[in-house]
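Here the structure comes first, spelled out in structure tokens, and everything after it is commentary.
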Amino acid sequence: MEETFYKDLLIELECPICTSYMVPPIRQCSTGHSVCESCRNKLQKCALCQSNFSDSRNISLEGLAVKMRYPCAYRVSGCTASLAYNEREGHKLNCRYKLFIFVFTIVP
Ligand SMILES: [Zn+2]
Ligand SMILES: [Zn+2]
Ligand SMILES: [Zn+2]
């Protein structure tokens, strides 16, 4: 199913350290682990293997990230939007399913 196919690919784009989706520039340690830009900036060494980070980027994964459609952050509330990586933040601010999050948190 298309849904499963997407999920498999999205796992590849999850930062192994903070589990948010990696968007270009995607950084790498010298072993080859890919991490997101903010983890790269926060850490001195790769959290997975303690190697130093290299200056190279994971160009092939960046290519995938650019083509990938991501689920809305409020998908749990019922939003079915699929978004390009650079549309996610803008959509998140205006997503009409945002309000439902509060409803769910009130329910015991
Ligand atoms: Zn990260
Ligand atoms: Zn590593
Ligand atoms: Zn949405």
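Counting starts at 1 for both ligands and their atoms, in listed order.
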Heavy-atom closest contact (Thr19 atom, Glu14 atom, distance): O-CG, 3.8 Å
Going from CG on Leu43 to CG on Asn52, what distance comes out if it is rounded to the nearest 0.5 angstrom? 12.0 Å
How far apart are the closest heavy atoms of Met68 and Leu9, and which atoms are they? CE-CB, 3.2 Å
Test item: Cys39 and Phe53 side chains (from C-beta on) under 4.5 Å apart, heavy atoms: no
Which angle, to 10 degrees, forms at the Zn ion (ligand 2) with SG of Cys29 on one side and ND1 of His33 on the other? 110°
Taking the six-membered ring for Trp, are Tyr85 and Tyr70 ring centroids under 6.0 Å apart? no
Shortest non-hydrogen contact from Arg40 to Ser54? NE-O, 4.2 Å
The protein N, O or S atoms lying under 2.8 Å from the Zn ion (ligand 3) are Cys72 SG, Cys79 SG, His91 NE2, Cys95 SG
Run through the protein N/O/S atoms less than 2.8 Å from the Zn ion (ligand 1) and write them out by chain and number. Cys15 SG, Cys18 SG, Cys36 SG, Cys39 SG
Would a hydrophobic clustering, with Ile, Leu, Val, Met, Phe, Trp and Tyr connected at side-chain separations under 4.5 Å, put Ile59 with Ile26? no
Supply the atom-to-atom distance Leu48 CG to Ile17 CD1, rounded to the nearest 0.5 angstrom. 5.0 Å
Might you point out which heavy atoms bring Ser34 and Pro16 nearest each other, and give the distance in Å? O-CD, 3.1 Å
Give a yes or no on whether the backbone of Ala84 and the side-chain of Glu87 come within a donor-acceptor separation of less than 3.5 Å. yes
